[in-house]
Amino acid sequence: MAALYDFDTAIDRRGTWCIQWDGVADRFGVDGLLPFTISDMDFATAPEVLAALRDRLDHGVFGYTTWQQDDFRSAVAHWYATRYGTEIDTGQLVYGPSVLNQLSQLLQMWTGEGDGVVVHTPTYDGFRKAITGLGRELRGVPVGDEEALVRELARPDAKVLVLCSPHNPTGRVWTADELTRMAELAERYGVAVVSDEIHADFVHEGYVHVPWTRVAGAGAGGGRWALITSGSKAFNFPALTGSYGLIGNPADRAEFLRRMETAEGLASPAVLSLTAHIAAYREGGPWLDAVRAYVAGNLGHVAERLSAGLPELGWEPPQAGYLAWIDLRAAGVDDAELQRVLVERERVAIMGGAVYGAPGFVRLNVGCPRAKVERGVEALIRAVKAVRSSPSGV
């Protein structure tokens, strides 16, 4: 299947206003670095999506648009039925410009200033900014630590559990039993759940994503919940904007729509985003399967090279996504010095784990041609060895 598509040929993204390539100096202070940073891919989106966008552009009229139409709703339902074996209630659908915007609206609906919002650590930095930016208190629990999860959910002012499913940055795919347990705990303690599932379409072979709709209501009373997501991550069109969600409670759903249409003035979505979503969900499955297989090969290459160059790490590929979350603590290197060597000597930009509250880790984006991955992992190995052999990296 992968032979149908060319993922090896590099596409020059410089000068296209993209954050990963043109904005690297904003985070790393230096221009011209080879970037492995923000989670978008260096691949063109699916040919079927591009064809649909061209057709819509050729129409030439771009007036106000509605997402509340059957073409969009049925495409989402088709995707969930064919990808996840899950029947969704399209009457529960809502729409927003981005997943983080949806999260912000839900936090404003379900929490007040100073309330506790529970997340798993390490934590996607977008969550941290959204939660603390609204004056809510971020309360982290380590991935897999149920005792800590129970303790935080039981606090009287804990109001929302923000779940990343699959988890970013670790790539963890939650099992059905784990998700059911979270639903039961949230209901027991009266905590609403917002499940961000934007990485769901990139689950790797051997693992299965379970949409929150399958476990929502595991407790006797059902509880408040929202699933928020977008096709933009898997199909690589975040610049088109656009996301959607499912909200279980009718009153909450009506309030969300009211906020988007009146308070936020976002009644009309970006028509090209709707076009891209419909094409991706109706026709883009083969491309997604191919790019996921290619990325799995990239992750396998990273594992092979780290096993040879830094065997003490014992690194294994993630269960989902194209972000290699690498624990460097066994290598015993200083984070700041490692970043200095990566930037100044190796001329690469790799996200440090401290961004996600986890010093001692790095996050390497491998959603790119294999040749770029090879350069990135070799630069990382050389930098670690340089810092370990000399505190100054020289």
Side-chain angles (χ1 to χ4, degrees), residues 1-21 39-84 88 90 93-99 101-102 197-202 228-246 260-261 265-295 322 367-369:
M1 174 121 18
L4 295 174
Y5 307 98
D6 178 10
F7 301 120
D8 285 318
T9 300
I11 298 173
D12 188 357
R13 300 181 66 192
R14 291 169 294 186
T16 63
W17 315 318
C18 80
I19 292 174
Q20 181 165 188
W21 287 82
S39 60
D40 66 8
M41 296 186 286
D42 288 335
F43 308 128
T45 190
E48 297 81 3
V49 173
L50 290 173
L53 291 171
R54 292 187 185 104
D55 285 347
R56 185 64 185 84
L57 288 171
D58 286 344
H59 182 269
V61 180
F62 308 103
Y64 293 115
T65 306
T66 179
W67 62 270
Q68 299 191 59
Q69 32 82 9
D70 187 60
D71 286 344
F72 176 69
R73 286 173 163 159
S74 65
V76 174
H78 170 77
W79 190 250
Y80 275 78
T82 55
R83 284 276 146 171
Y84 304 118
I88 64 167
T90 57
L93 280 169
V94 298
Y95 196 89
S98 71
V99 165
N101 178 272
Q102 288 192 76
E197 303 188 9
I198 199 168
H199 292 274
D201 295 329
F202 241 95
I228 55 178
T229 190
S230 173
S232 64
K233 186 68 64 177
F235 288 92
N236 206 38
F237 52 75
L240 297 180
T241 74
S243 68
Y244 63 92
L246 296 153
M260 297 303 292
E261 293 175 3
L266 295 170
S268 178
V271 67
L272 294 184
S273 176
L274 292 178
T275 301
H277 272 91
I278 293 166
Y281 285 175
R282 286 290 185 185
E283 306 173 66
W287 178 89
L288 177 61
D289 291 338
V291 76
R292 197 174 64 237
Y294 186 90
V295 165
Y322 49 81
C368 55

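On a predicted model such as this, the values are computed, not experimentally measured, just so you know.
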So, does Ser243 use its side chain to make a donor-acceptor pair with the main chain of Gly96 at under 3.5 Å?
yes
In short, Ala279 meets Ala52 closest at the heavy-atom pair CB-CB, 3.6 Å
Q | Student check: side-chain heavy atoms of Trp67 and Leu93 closer than 4.5 Å | A | yes
Any side-chain heavy-atom pair from Val291 and Phe7 closer than 4.5 angstrom? yes
Any Ser232 side-chain heavy atom under 4.5 Å of Ile198 side chain:
yes
Closest heavy-atom pair, Pro47 versus Trp287, reported as atoms and distance to 0.1 Å, is CD-CD1, 3.6 Å
Separation between OG1 (Thr275) and CG (Leu57), nearest 0.5 Å, reads 8.5 Å
Carefully, step by step, assess Asp70 and Arg73 under the rule salt bridge (Lys or Arg N to Asp or Glu O under 4.0 Å).
CA-CA 5 Å; Asp70 187 60; Arg73 286 173 163 159; over 6 Å; no
Residues Thr90 and Ala77: closest non-hydrogen pair is CG2-CB, 3.8 Å
Under a 3.5 Å distance rule, please check whether Lys233 uses its side chain to pair with a backbone N or O of Phe202 as donor and acceptor.
no
- Could you tell me whether the side chain of Thr45 reaches within less than 4.5 Å of the side chain of Leu50, counting heavy atoms only? yes
* Asked: Taking the side chain from Ser268 and the backbone from Tyr64, do they hold a donor-acceptor pair closer than 3.5 Å?
  -> no
Inset, instruction - Describe, in one word, how the ring planes of Tyr281 and Phe235 are oriented to each other, choosing from parallel (under 30°), tilted (30 to 60°) and perpendicular (over 60°). - result: perpendicular
What one should report as the nearest heavy-atom pair of Tyr80 and Thr229 is OH-CG2, 3.7 Å
### Message
So does Ala280 get a backbone contact from the side chain of Glu48, meaning a donor-acceptor N/O pair under 3.5 Å?
### Response
no
d(Tyr322 OH, Asp42 CG) to nearest 0.5 Å is 9.5 Å
(request) Tell me whether the centres of the aromatic rings in Phe237 and His277 are closer together than 6.0 Å. (result) yes
Any luck finding a side-chain donor-acceptor pair between Tyr84 and Asp201 under 3.5 Å?
-> yes
Counting distance only, does the side-chain N/O of Ser230 pair as donor-acceptor with the main-chain N or O of Gly242 below 3.5 Å?
yes
Query raised in the report: Looking at side-chain heavy atoms only, is the closest gap between Leu266 and Pro97 below 4.5 Å?
Result: yes
Practice item. Kindly indicate, with the supporting measurements, whether the criterion side-chain contact (heavy atoms from CB on, under 4.5 Å) is fulfilled by Arg292 and Leu288. Key: CA-CA 6 Å; Arg292 197 174 64 237; Leu288 177 61; 4.2 Å; yes
inquiry  = If you take the centroid of each ring, where Trp contributes its six-membered ring, are Tyr95 and Phe72 closer together than 6.0 Å?
reply    = yes
Nearest heavy-atom approach of Leu53 to Leu272 is CD2-O, 3.4 Å
Q) Do the side chains of Ile278 and Arg56 get nearer than 4.5 Å, heavy atoms only? A) no
| query | Do the non-hydrogen side-chain atoms of Tyr244 and Val94 ever get within less than 4.5 Å of each other? | reply | no
- Item | Centroid-centroid under 6.0 Å between Tyr294 and Phe43 rings | yes
Rounding to 0.5 Å, atoms SG (Cys368) and CD (Gln20) come to a distance of 7.5 Å
So Leu274 and Thr66, do their side chains get closer than 4.5 Å, heavy atoms only? no
Heavy atoms of Thr65 and Gly63 approach each other most closely as OG1-O, 2.9 Å
